[in-house]
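Everything on this sheet refers to the single structure shown next.
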Amino acid sequence: MAHSVEMLGQECFDLKNKAIAHLHDYSFMDEIPTIDYSLLFSKDHNERANSLEHLGKACQDFGCFYLINGVEERVVEGALKGISDYFVLTNQEERSEYLKKNSMDRIRWYLRSDAGENRENLKIVTHPEYHCPSKPDSCKDAIGEYLKGMHEVELGLAKAISTTLGYEETYIEKEFKLEAGFDVATLNLYPPSLQSKGSTGLAEHTDPGFFVSLIQDVNGGLQVLSHQGNWITVNLPRNTIFIGIGDHLEILTNGKYKSHIHQVILDNNEVKRISMATLHGPSLDTLVAPAPGFINDSHPPTYRGMTYKESLELNGFDEIDVQSSLIQLQVPLSF
Ligand SMILES: O=C(O)CCC(=O)C(=O)O
Ligand SMILES: [Fe+2]
């Protein structure tokens, strides 16, 4: 059928409106992107360029992504078994040996069960030196093997993310002095919702550092806040690691790559859930401030500089507590 000029005009108008509506329909953006680690280093130039572009978008538009082909499946499964063994094969009295003793603790444990938090949590400093309870035997080696693999991935992601920011590969590694980076793993045990005091596993927060890597034994619980303001549940396919941007990459990039806001909700958890979040940080003596390349007239510095250690201790916390101080580091807006 022949189209009259008026009809074609109407069709064009409808198509344009549809496209505009789609641009504002952000529901399609509520799926956490997946990055294939191996493709970031592909020998095929186009494949590498495409996956780096995808990584840059994930960092800028989501602040998090699912990583595949980073650490071997056997190693991830071994670590999850090691964490489960720690909580199952020791009793609470043995675990409470790691209750806070002093600010320089390298292993620390607590159990919290109230309206604001429901979890048992063991924090261990894992880099530059690796600390882990010696009991049970299966725990230290299995978690250690995963962390070794994850440290390689950290260095690889530092290269890839530097490239997405338009810098040379070694940029982040040098800026954050990752050779002596301060990493803390937090091992979590959340009760089933029936046994919790309220529905909050862990309240809304961001984490300090370069980025956080997370593995979990069951899906459901961890949620991230999308840049469009929706809470998205982290559903990790098997052998996938969740990666979320940390506060100090937000500070270094002056807000270009934002720290991911997340929380743990126990609403639908019928079974207990274990997770391990590793906060990969700069070295404690690194002064982290917005880099000159991210500052210009329309982007004045949004954060003040501070060493990683000072920022971890800013609100009276110890470095092993790895608490965020992003809000306190913000420079007030001047008009
Ligand atoms: O257990 C989780 O899913 C998240 C843990 C977390 O956010 C943290 O330990 O900082
Ligand atoms: Fe966190």
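Because the structure is predicted, anything quoted here is derived from the model rather than measured. We count ligands from 1, going down the list as the structure has it; atoms in each ligand are counted the same way.
Residue contacts with ligand 1 include Arg119, since one of its heavy atoms falls under 4.0 Å from the ligand. Distances shorter than 4.0 angstrom do not occur between any heavy atom of Gln216 and any atom of ligand 1. In this structure, His205 has a heavy atom closer than 4.0 Å to ligand 1.
Side-chain contact, Ser42 with Asp44: no donor N or O sits under 3.5 Å from an acceptor N or O. With 3.5 Å as the limit, one finds a donor-acceptor pair spanning the side chains of Asp247 and Thr206. If you check the side chains of Tyr257 and Thr164, you find a donor sitting under 3.5 Å from an acceptor. With no hydrogens or angles considered, a side-chain donor-acceptor pair links Asp85 and Ser138 at under 3.5 Å. For Ser193 and Asn269, the side-chain atoms include no donor-acceptor pair closer than 3.5 Å.
No path of Ile, Leu, Val, Met, Phe, Trp and Tyr side chains, each step under 4.5 Å between heavy atoms, connects Val153 with Phe242, placing them in separate hydrophobic clusters. Note on Leu236 and Leu80: separate hydrophobic clusters, where clusters join Ile, Leu, Val, Met, Phe, Trp and Tyr whose side-chain heavy atoms are under 4.5 Å apart, directly or indirectly.
Here atom 1 (O) of ligand 1 lies nearest to Ser275 when heavy atoms of Ser275, Gly201, Ala277 are compared. Scanning Thr186, Leu222, Ile274, Val322 for the heavy atom closest to atom 9 (O) of ligand 1 points to Thr186.
Interface of Leu202 with ligand 1, defined as ligand atoms under 4.0 Å from a residue heavy atom, comprises 5 (C), 6 (C), 7 (O), 8 (C). Atoms of ligand 1 found under 4.0 Å from any heavy atom of Asn188 (numbered from 1 in listed order, with element): 1 (O), 5 (C), 9 (O). Interface atoms of ligand 1 facing Tyr190, defined by a heavy-atom separation under 4.0 Å, are 1 (O), 2 (C), 4 (C), 5 (C). Near His262, meaning under 4.0 Å from one of its heavy atoms, ligand 1 places the atoms 7 (O). For ligand 1, the atoms lying closer than 4.0 Å to a non-hydrogen atom of Asp207 are 10 (O). Close approach of ligand 1 to Leu214 is summarised as follows: ligand atoms under 4.0 Å from at least one heavy atom of the residue are 2 (C), 3 (O), 4 (C).
Centred on the Fe ion (ligand 2), the OD2 atom of Asp207 and the NE2 atom of His262 lie at an angle of 80°, reported to 10°.
When only non-hydrogen protein atoms are considered, atom 3 (O) of ligand 1 lies nearest to Arg273 NH2, 2.8 Å.
For ligand 1, the polar-atom distance check finds no N/O of Asn121 at less than 3.5 Å from any of the ligand's N/O atoms.
Residue Lys148 places its NZ atom among 12 or fewer non-hydrogen atoms of other residues, nucleotides or ligands, all under 6.0 Å distant.
Classified by interplanar angle (parallel below 30°, tilted 30° to 60°, perpendicular above 60°), the ring pair His151/His127 is parallel.
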